[in-house]
Amino acid sequence: GSALATTALLSVDVVLARHYLPPHQVGYYAAASLAGRAILFAMGFLPGVVIPKASALHARGEHAGGVLARALALTGAASLAALLVVAVVPTLIVRIVAGSQYLPAAHYVLPYALAMVFLAGTSALTSYRTSLHRFQYVVPLLGVVLAEIVAMVLWHPSVGAFLTILIAANAAAFVVTWLGANSDRRHGLFVK
């Protein structure tokens with residue numbers, strides 16, 4: 001369920017955009033998606049670091065919350081750097097990843113990148129919680145995915161509307177998994 005939710009958060013918007021946006025806007029949305037996802041893929045190593053370390057600590061009965069704190073700090077620092085680059089040179093980024101014909105997509109790159117920053121944080125949180133065998137967040141996370149799909153199907157007048165929904169859904173996904181992590185803290189999973 002966790003993998004399904006994070007995969008859907010990563011891809012359902014592009015699938016729906018192809019069905020609901022006018023053809024020229026689909027191209028711009030896809031170009032922004034390529035550029036924005038580069039941020040997420042650059043931080044894709046974090047789950048591979050979080051899961052084994054947190055699992056090992058948890059299995060030994062030791063405090064595993066520090067692994068999550070460091071992963072989120074690294075995600076935050078890398079995200080801020082990436083967002084700064086995207087804000088300063090969005091046209092160059094679009095030119096590199098999609099080509100000159102998609103330069104009108106440059107103003108969509110920063111919002112898409114922001115959505116991917118939230119998704120990177122969600123990925124770190126879900127990896128951590130999975131490594132501790134805590135899955136209470138999965139149903140609410142799947143609810144966020146369903147809400148995103150419904151919102152995009154019902155409200156799709158423009159690329160801007162899709163991006164607004166994408167940012168809101170990915171922010172909600174982060175909050176849902178974060179609140180679940182805080183729930184774990186209250187139940188003694190962060191400290192022994």
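Everything quoted here is computed from the prediction, not taken from an experiment.
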Side-chain heavy atoms of [X] within contact of [Y], under 4.5 Å:
{"X": "T130", "Y": "S2", "answer": "yes"}
{"X": "L114", "Y": "V86", "answer": "no"}
{"X": "P111", "Y": "I167", "answer": "yes"}
{"X": "L92", "Y": "I96", "answer": "yes"}
{"X": "H19", "Y": "V26", "answer": "no"}
{"X": "F162", "Y": "W155", "answer": "no"}
{"X": "L16", "Y": "E148", "answer": "no"}

TODO: Check the pair D13 / Y112 against side chain to side chain contact (heavy atoms under 4.5 Å, CB included), numbers first and verdict last.
DONE: CA-CA 11 Å; D13 64 300; Y112 204 99; 2.8 Å; yes

Pairwise distance [atom1]([X]) to [atom2]([Y]) - rounded to 0.5 angstrom:
{"X": "L10", "Y": "S33", "atom1": "CG", "atom2": "OG", "answer": "7.5 Å"}
{"X": "I149", "Y": "I165", "atom1": "CD1", "atom2": "CD1", "answer": "11.5 Å"}
{"X": "R134", "Y": "T126", "atom1": "CZ", "atom2": "OG1", "answer": "16.0 Å"}
{"X": "T122", "Y": "M116", "atom1": "OG1", "atom2": "CE", "answer": "10.0 Å"}

Open item on the list: Run H107 and T91 through side chain to side chain contact (heavy atoms under 4.5 Å, CB included) and show every step you take.
Closed with: CA-CA 8 Å; H107 65 279; T91 305; over 6 Å; no

Task: Evaluation steps, side chain to side chain contact (heavy atoms under 4.5 Å, CB included), between M152 and L166 - done: CA-CA 9 Å; M152 286 182 172; L166 183 67; 4.1 Å; yes

Residue pair [X] / [Y]: nearest heavy atoms and the distance that separates them:
{"X": "A115", "Y": "N170", "answer": "O-ND2, 3.0 Å"}
{"X": "V144", "Y": "A173", "answer": "CG1-N, 4.0 Å"}
{"X": "P140", "Y": "V176", "answer": "CB-CG1, 3.4 Å"}
{"X": "V88", "Y": "P90", "answer": "C-CD, 3.4 Å"}
{"X": "G121", "Y": "T75", "answer": "N-CG2, 4.0 Å"}
{"X": "L142", "Y": "G1", "answer": "CD2-O, 3.7 Å"}

Open item on the list: Once salt bridge (Lys or Arg N to Asp or Glu O under 4.0 Å) is applied, do any residues pair with R95, and if so which ones, sequence neighbours excluded?
Closed with: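 Here no residue qualifies.
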
Open item on the list: Apply side chain to side chain contact (heavy atoms under 4.5 Å, CB included) to residues S123 and T6 and explain how you reach the verdict.
Closed with: CA-CA 7 Å; S123 179; T6 53; 5.5 Å; no

Task: Which residues share a side chain to side chain contact (heavy atoms under 4.5 Å, CB included) with V159, sequence neighbours left out - done: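 Applying side chain to side chain contact (heavy atoms under 4.5 Å, CB included) to V159 gives L21, Q25, Y29, Y108, L163.
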
- [ ] Ignoring hydrogens and angles, tell me if any N or O in the side chain of S11 forms a donor-acceptor pair with the backbone of T7 under 3.5 Å.
- [x]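 Side chain of S11 to backbone of T7, a donor-acceptor pair under 3.5 Å: yes, one is there.
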
In terms of hydrophobic clusters joined by side-chain contacts under 4.5 Å, are [X] and [Y] together?
{"X": "V145", "Y": "V139", "answer": "no"}
{"X": "Y20", "Y": "V150", "answer": "no"}
{"X": "L80", "Y": "L119", "answer": "no"}
{"X": "L125", "Y": "L4", "answer": "yes"}
{"X": "F135", "Y": "L141", "answer": "yes"}

Open item on the list: Ring-plane angle category for Y28 and Y102, please: parallel below 30°, perpendicular beyond 60°, tilted otherwise.
Closed with: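 Answer is perpendicular, since the angle exceeds 60°.
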
